[in-house]
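Comments concern the structure below.
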Amino acid sequence: LQADGAHVGALVGAARLLHAMGRVREALAASTRAVDLAPASAPAWWVHARVLTSLGEHDQAAVAFRAAAVAGSGDVRPLVELGAGLLRRGLSAESLEVLEEALQRDPACAEAWSQKGALLAARGATAESAVAFEQAVRHDPRQAEAWCGLAQALLALGRHHDAVQAGGR
């Protein structure tokens, strides 16, 4: 792939498409070229992180997710995605650290609150997970997963009426 700095968007698009097609090595070449040409591009770092994750290069992906968050001028979604990936890998302590970092940067990030709720629920911290899910739906009432998590947490806490109301949203 040949491109100059003006074509970083095309490289990012190509990396996304190649990744979606399962052509991960080619996606890696495109995303690597994109971050080389535009090291301040959040989309380039974000797609690079996703490709690295697919290749099992989790440490490198974590660096790329963090670079995407820095380049994204306050967009914490790459950190939320990193936290979710860490949780999927069974690294709940690391995941919680990253999600707390995301919430420090953006306390209104519903996705971060929802992921934190899921993590706390998985740890058996039901009351704390309910609080996190409540924060998620307070910041974005369209968070269907957060409503479901909140309903499950409330049910586990014996708050059946509240659980039915949350589950019906």
Checklist entry - Would Phe133 and Gln152 count as a side chain to side chain contact (heavy atoms under 4.5 Å, CB included) if you check the C-alpha gap in whole Å, the side-chain angles of each, and the deciding distance to 0.1 Å? => result CA-CA 10 Å; Phe133 286 128; Gln152 291 173 347; over 6 Å; no

Do [X] and [Y] come close enough that some side-chain heavy atom pair is under 4.5 Å?
| X | Y | answer |
| --- | --- | --- |
| Leu17 | Met21 | yes |
| Leu79 | Leu99 | no |
| Pro43 | Arg16 | yes |
| Glu101 | Val76 | no |
| Leu55 | Val24 | yes |
| Leu96 | Arg123 | yes |
| Trp45 | Pro78 | no |

Next on the checklist: Using side chain to side chain contact (heavy atoms under 4.5 Å, CB included), reason through Cys109 and Val80 one step at a time and then give a plain yes or no.
Outcome noted: CA-CA 9 Å; Cys109 181; Val80 174; 4.0 Å; yes

To the nearest 0.5 Å, tell me how far [X] [atom1] sits from [Y] [atom2].
| X | Y | atom1 | atom2 | answer |
| --- | --- | --- | --- | --- |
| Leu11 | Leu18 | CG | CG | 10.0 Å |
| Arg159 | Gln165 | CZ | CD | 10.0 Å |
| Glu97 | Ser92 | CD | OG | 10.5 Å |
| Leu86 | Phe65 | CG | CZ | 9.0 Å |

Among the clusters formed by ILVMFWY side chains lying less than 4.5 Å apart, do [X] and [Y] turn up in the same one?
| X | Y | answer |
| --- | --- | --- |
| Leu91 | Leu82 | yes |
| Val47 | Val8 | yes |
| Val131 | Leu150 | no |

Item to check | Working for side chain to side chain donor-acceptor pair (under 3.5 Å), residues Thr53 and His58 | outcome: CA-CA 5 Å; Thr53 298; His58 300 293; 5.0 Å; no

Checklist entry - Yes or no on side chain to side chain contact (heavy atoms under 4.5 Å, CB included) for Gln135 and Leu103, after CA distance, side-chain angles and deciding distance? => result CA-CA 11 Å; Gln135 287 293 319; Leu103 288 167; over 6 Å; no

Checklist entry - Does the distance from a Lys or Arg side-chain N to an Asp or Glu carboxylate O, for Glu111 and Lys116, drop under 4.0 Å? => result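 Answer for the salt bridge query: no.
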
Checklist entry - Are Arg89 and Glu94 within salt-bridge range, i.e. N to O under 4.0 Å? => result no

Next on the checklist: Could you report the tightest heavy-atom contact between Ser129 and Gly117, atom names first, then the distance?
Outcome noted: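 In terms of heavy atoms, the two residues are closest at CB-O, 3.3 Å.
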
Checklist entry - Closest approach of Ala153 and Ala130, non-hydrogen atoms and distance? => result CB-CB, 3.8 Å

Item to check | Heavy-atom neighbours of Glu145 CD exceed 12 at 6.0 Å | outcome: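 Open: at most 12 neighbouring heavy atoms sit under 6.0 Å from CD of Glu145.
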
Checklist entry - Is the CZ atom of Arg77 crowded by more than 12 outside heavy atoms at less than 6.0 Å? => result no

Would you say [X]'s side chain and [Y]'s backbone share a donor-acceptor pair under 3.5 angstrom?
| X | Y | result |
| --- | --- | --- |
| Trp113 | Pro107 | yes |
| Ser95 | Gly83 | yes |
| Ser31 | Leu28 | yes |

Next on the checklist: The test is salt bridge (Lys or Arg N to Asp or Glu O under 4.0 Å); show your working for Glu100 and Arg105 and say whether it passes.
Outcome noted: CA-CA 9 Å; Glu100 290 290 350; Arg105 291 183 186 194; over 6 Å; no

